[in-house]
Amino acid sequence: MAIDEGGLARRLWFKFRDDSVFSLYTPFFVGLASATLHSETTFRHFISQDLHFLKAFVLAYELAEDCADDEDDKNGLRDLRKRAVGRLQMHDTFVREWGFEFPNEDISKDIATTKYTDFLLATASGKIEGERSVLDKIATPFEKTKVAAYTLAALAPCMRLYAFISTEIQGIINPDQDSTHIYKSWIENYSSQVFEEIALQNEDMLDKLSVSLTGEELEIIEKLYHQAMKLQVDFIAAQPISDQQSVVPLSRVHDFSKRHLTILCDFDLACTAFDSAAILAEIAIITAPKADMDGSDQTQLARMPSADLRSTWDVLSTQYTEQFEQCVESIVASERVEEFDYERLCSALEQLAEFERKANERVVQSGVLKGLNAEDIKRAGQSLILQDGCRSFFQKIVKNKNLKTDVHVLSYCWCNDLIVSAFSSGDLNVLNVHSNELVYQESVTTGEIVKKMESPMEKLQVFNDVLIDRRGEGNKHLTVYIGGSVGDLLCLLEADIGIVVGSSSSLRRLGDHFGVSFVPLFSGLVKRQKELADQDCASNWWKPLSGVLYTVSSWAEIQAFILGT
């Protein structure tokens, strides 16, 4: 069922896949997945727009077929058109099954529907935004093939998007409990093998038609694909849910003119792609030869040669990894609890706290952090690669004027300056950073660490101190903690909403051992939506659940949940 690994369509889907997440987390699809979406209003309206999409698909395939030069390509496009015609004919049957009745006259188009169908048919006619009419520049019939390729670029993401969304929803539906799910037939239709074949056929055709395109023409393909994806997301986000209450997005559920949102987040491997300890060690190793060669050791603290630094760091790193794993193994060797046990978890984390303290002391004694220049650290922070979507999420948070929000970064990182520099661009200097600090002597590190945060308990203390300050201001508040390591466990559990990002096996193992439940965020939201519909009251819809954490695979999920599209 996977697209050809080297295919253009596959690469484009993965490049712009975050857009699909924003579709999944809309009030419309969270409501549909939870079977709480109003069928007579919202879903009826959604189905009515299908007619316009299907008619546009049929015409677009026909125009693409006219542009195709190869007979096999023409046959493939003709088959796709026939499938679209078949789905158009089945639409009436589907509507009758739902008990809907549409007027005989044409059903009006939504603005979002019109934007996509106009874009699709303009593309199929050779009219590309920002380009001269493609057909005007074509000298041979073979060159018309590019128009067919452009058309498939505007079609393929739509099919893949609905296959993705329906499969995601299908994956969280319990076949026994949800046999009477009101939208079961819609979900099964789009997650079926038949529809997957349609999606693959569109992608295979896009790959085939794009083989002979130039680099410039492939850039147009990418632009069209992304534009089609965004227009589909806009269409889904624009679906009217009338006065129905929804659990997403968080920023619109709560009145944040009266409530304060505090977001707290870990740094290493939650925000970053690499651990900051290794980054600081690499700075030391890279800059050490320069100090030796230019004779500046007289004005700097004595440093080990580069080779010795690397050897020392390798030993420290290996020792840390091995002893950390041994510590985790010794904890999980104890009897596993059946229900969430906070006290036993805290007791176990004390072992890890002692381990972290000893590990930091070994680093100080080794001297690997001695002689680092403050400017080198700042430059490294500014060039630090953050996880995809992390920076843009925080930028949108701090720039959102409708939110009363403060953001805090809580980290074991040895160097506060590194974190501050990493967030110095994009108006993110407003973030509050809480971490350990390196000691400087005339802008050069001495190798000592001002130890402020070495354990989950100390991190939790900082978390609580932040909230005490907020509570003192007299505002109602909501806390979200985002983390991905063992050191984040207590903060994750203390927050109103704890979100685990990344794939730390140690965090999962320890949490599971002490009864912590890890729930994928989307399925958790679907469950919350059901509860909200049952209680018909939004005043306390997000009551924290003891021992429950929500997991995500990307920052796009976090942004979609908190801010929406």
Side-chain angles (χ1 to χ4, degrees), residues 266-292 301-334 348-372 376-377 380-381 384-385 387 411-416 418-419 422 435-439 445-456 458-459 483-489 501-511 513:
D266 188 17
F267 183 66
D268 287 328
L269 303 181
C271 292
T272 67
F274 302 98
D275 187 274
S276 64
I279 294 169
L280 290 168
E282 194 64 23
I283 296 172
I285 293 166
I286 291 173
T287 58
K290 182 169 61 177
D292 293 339
L301 295 166
R303 303 178 66 185
M304 284 188 281
S306 177
D308 291 348
L309 273 172
R310 187 171 295 282
S311 176
T312 301
W313 174 249
D314 287 345
V315 170
L316 288 169
S317 180
T318 301
Q319 188 176 13
Y320 179 92
T321 301
E322 291 176 350
Q323 291 187 3
F324 178 81
E325 291 174 353
Q326 290 169 5
C327 192
V328 171
E329 289 297 331
S330 69
I331 292 172
V332 297
S334 63
L349 290 176
E350 286 287 359
Q351 297 179 46
L352 281 170
E354 183 60 26
F355 158 76
E356 292 286 355
R357 293 187 190 101
K358 290 180 179 179
N360 282 345
E361 189 56 39
R362 285 197 297 270
V363 170
V364 171
Q365 293 175 358
S366 72
V368 294
L369 298 178
K370 184 185 295 185
L372 278 67
D376 289 334
I377 292 173
L384 197 61
I385 299 173
Q387 298 281 4
S411 175
Y412 285 176
C413 176
W414 297 322
C415 185
N416 183 287
L418 184 74
I419 302 175
S435 74
N436 303 303
E437 297 179 10
L438 292 178
V439 177
T445 60
T446 66
E448 295 292 326
I449 302 172
V450 179
K451 300 165 186 173
K452 298 181 177 181
M453 199 181 302
E454 297 182 285
S455 71
E458 289 176 347
K459 186 174 277 196
S485 67
V486 171
D488 296 312
L489 258 174
V501 61
S503 56
S504 169
S505 59
S506 299
L507 184 149
R508 300 292 182 101
R509 288 185 69 198
L510 280 176
H513 190 75

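Positions are given from 1 along the sequence.
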Exercise. Are any side-chain N or O atoms of Asp268 and backbone N or O atoms of Ser276, one a donor and one an acceptor, separated by less than 3.5 Å?
Worked result: yes

Exercise. Is the centre of the Tyr412 ring less than 6.0 Å from the centre of the Phe267 ring?
Worked result: no

Exercise. Taking 4.0 angstrom as the limit, do Glu454 and Lys358 come out as a salt bridge?
Worked result: no

Exercise. Under 3.5 Å, is there a donor-acceptor pair between the side chain of Thr445 and the main chain of Leu372?
Worked result: yes

Exercise. Is the closest side-chain heavy-atom distance between His513 and Ser334 below 4.5 Å?
Worked result: yes

Exercise. Relative to each other, are the rings of Trp313 and Trp414 parallel, tilted or perpendicular (30° and 60° limits)?
Worked result: perpendicular

Exercise. Do Asn416 side-chain atoms and Asn436 backbone N/O form a donor-acceptor pair below 3.5 Å?
Worked result: no

Problem set entry | Any donor-acceptor N/O pair, Asn360 side chain to Arg357 backbone, under 3.5 Å | no

For this session: Please answer whether the main-chain N or O of Ala307 pairs with a side-chain N or O of Ser311 as donor and acceptor at a distance below 3.5 Å.
Result: no

For this session: Look at the side chain of Gln387 and the backbone N and O of Thr272, then say whether any donor-acceptor pair between them is shorter than 3.5 Å.
Result: yes

Problem set entry | Minimum side-chain heavy-atom gap Ser411-Ile419 below 4.5 Å | yes

For this session: Please confirm whether the backbone N or O of Asp314 pairs with a side-chain atom of Ser317, one donor and one acceptor, at under 3.5 Å?
Result: no

For this session: Please say whether more than 12 non-hydrogen atoms of neighbouring residues, nucleotides or ligands are located less than 6.0 Å from CZ in Arg362.
Result: yes

Problem set entry | Donor-acceptor pair, side chain of Arg303 and main chain of Lys370, under 3.5 angstrom | yes

